[in-house]
Amino acid sequence: MSFFSLKSTIAKFVYTNCAALAGAGLALYAVDKGYLRTSSLFGKKPSSTISADSVDERAVPNSKIESEIASLKLVKDLRADTSNWRELPITFGIDESSTQQSFMHTTFNQPDHLLAVPKMFVNSDKKQVVFVFYIGKKLCGHPGIMHGGVQAMLYDEAMARPALLNLPRNTGFTAYLNIQYKKPAVVDQLLIMRTDLADLSGRKALVKASIENVDGVVLSTAESLFVSPSNPSILKDNSDTLGTL
């Protein structure tokens, strides 16, 4: 190959790649600015907004799972002890708009994810909250084992309940979440989470929790700190819903 032929080949290569990069850059800019939908790039129609009703319907379990949950001694005891425990919907205190945007209440509520609408029981002092989850087979990290990140998400969501029920304005952020994984949590089973408000000091709430199987074997434990912001304009005041419990 002559020098001029090699030079021409290199020039074509450079120009072609520059053009491709420029085109990709323009496409990404258009998507970022909202001028172009990613669905139009791949021939897919944008999905419609999920209503609160459809969120619940997607997680409705079959009668076998409902029966399994209802037959748990823990669930029977909590439902019977109405003077100390109250069963509430998992969406209690969350408005419809927030529910539609919630990772917990949309993405997780699909077939083979959370196979049942989680059960939530709140103690009369609002410091203890117990949850029952049915973990589906598509929430794995290692095959057949629940992903540690899924546990973290469930902890963060659940541990916020005793915190927000007691913090000023019934609102707050997660400051930290520490988890100790003790045993593998296999999927396709019921899991129980116990949360407890360990300390409340001003705008800070310290919550401790654990996840166990129906045999009482503790699979992991967690500690989390929630903080209610000093600036009231940062987060919505939930005292008109959570504060009424």
Verdict with supporting geometry, Val217 and Lys183, side chain to side chain contact (heavy atoms under 4.5 Å, CB included): CA-CA 9 Å; Val217 177; Lys183 295 180 182 294; 3.6 Å; yes
Decide yes or no on side chain to side chain contact (heavy atoms under 4.5 Å, CB included) for Met146 and Leu154, but give the supporting numbers first. CA-CA 11 Å; Met146 182 181 176; Leu154 292 178; 3.4 Å; yes
Linking I/L/V/M/F/W/Y whenever their side-chain heavy atoms sit closer than 4.5 Å, directly or via other members, would Leu190 and Ile145 fall into one cluster? no
Within this structure, what is the CG-CG distance for the pair Asn170 and Leu164, rounded to the nearest 0.5 Å? 7.5 Å
Mark yes or no for whether Asn123, through its side chain, and Lys126, through its backbone, hold a donor-acceptor pair below 3.5 Å. no
Just how far is it from atom CD of Gln189 to atom CG of Asp215, taken to the nearest 0.5 Å? 8.5 Å
To the nearest 0.5 Å, atom CD of Gln128 lies from atom CG of Leu197 at 9.5 Å
Full working for side chain to side chain contact (heavy atoms under 4.5 Å, CB included) between Glu87 and Leu78: CA-CA 8 Å; Glu87 184 173 2; Leu78 293 175; over 6 Å; no
Can a donor-acceptor pair be found, under 3.5 Å and without considering hydrogens, that links the side chain of Asp199 to the backbone of Ala205? no
So does Pro168 get a backbone contact from the side chain of Ser228, meaning a donor-acceptor N/O pair under 3.5 Å? yes
Distance from Tyr155 atom OH to Thr195 atom OG1, nearest 0.5 Å? 10.5 Å
Between Ile192 and Leu74 the two heavy atoms that sit nearest each other are CG2-CD2, 3.5 Å
Spell out, yes or no, whether Val122 and Leu200 are grouped together once hydrophobic residues are joined by side-chain heavy atoms under 4.5 Å, including indirect joins. yes
Cluster overlap Val218 with Met159, hydrophobic side-chain contacts below 4.5 Å: no
Would you say Phe133 and Val186 are hydrophobically clustered, going by side-chain heavy atoms of ILVMFWY under 4.5 Å? no
Distance (rounded to the nearest 0.5 Å) between Ile211 CD1 and Ile135 CD1: 7.5 Å
Between the CD atom in Glu223 and the CG atom in Leu177, the distance rounded to the nearest 0.5 Å is 9.5 Å
ILVMFWY cluster, Val214 and Phe121 together (side-chain gap under 4.5 Å): yes
Atom of Asp188, atom of Tyr134 and distance for their closest heavy-atom approach: O-OH, 3.7 Å
Between Pro184 and Leu219, what is the shortest heavy-atom contact and its length? O-CD2, 3.9 Å
Using a distance-only test with no angle check, is there a side-chain donor-acceptor pair under 3.5 angstrom linking Ser83 and Asp81? yes
Please report the closest heavy-atom contact between Ala158 and Phe131, naming both atoms and the distance. CB-CE1, 3.4 Å
Do the side chains of Glu66 and Lys119 get close enough for a salt bridge, i.e. N-O under 4.0 angstrom? yes
Among Lys182, Glu212, Gln151, side-chain hydrogen bond (donor to acceptor under 3.5 Å, both in side chains) partner for Ser220: Gln151
Nearest non-hydrogen partners of Val227 and Ala175, listed with the distance: CG2-CB, 4.0 Å
Lys76 and Ala70: which non-hydrogen atoms are nearest, and at how many Å? CG-O, 3.4 Å
Please determine whether side chain to side chain contact (heavy atoms under 4.5 Å, CB included) holds for the pair Val207 and Asp196, giving the CA-CA distance in whole Å, both sets of side-chain angles, and the decisive distance to 0.1 Å. CA-CA 6 Å; Val207 181; Asp196 179 62; 5.9 Å; no
Hey, does Arg79 have a side-chain heavy atom less than 4.5 Å from the side chain of Trp85? no
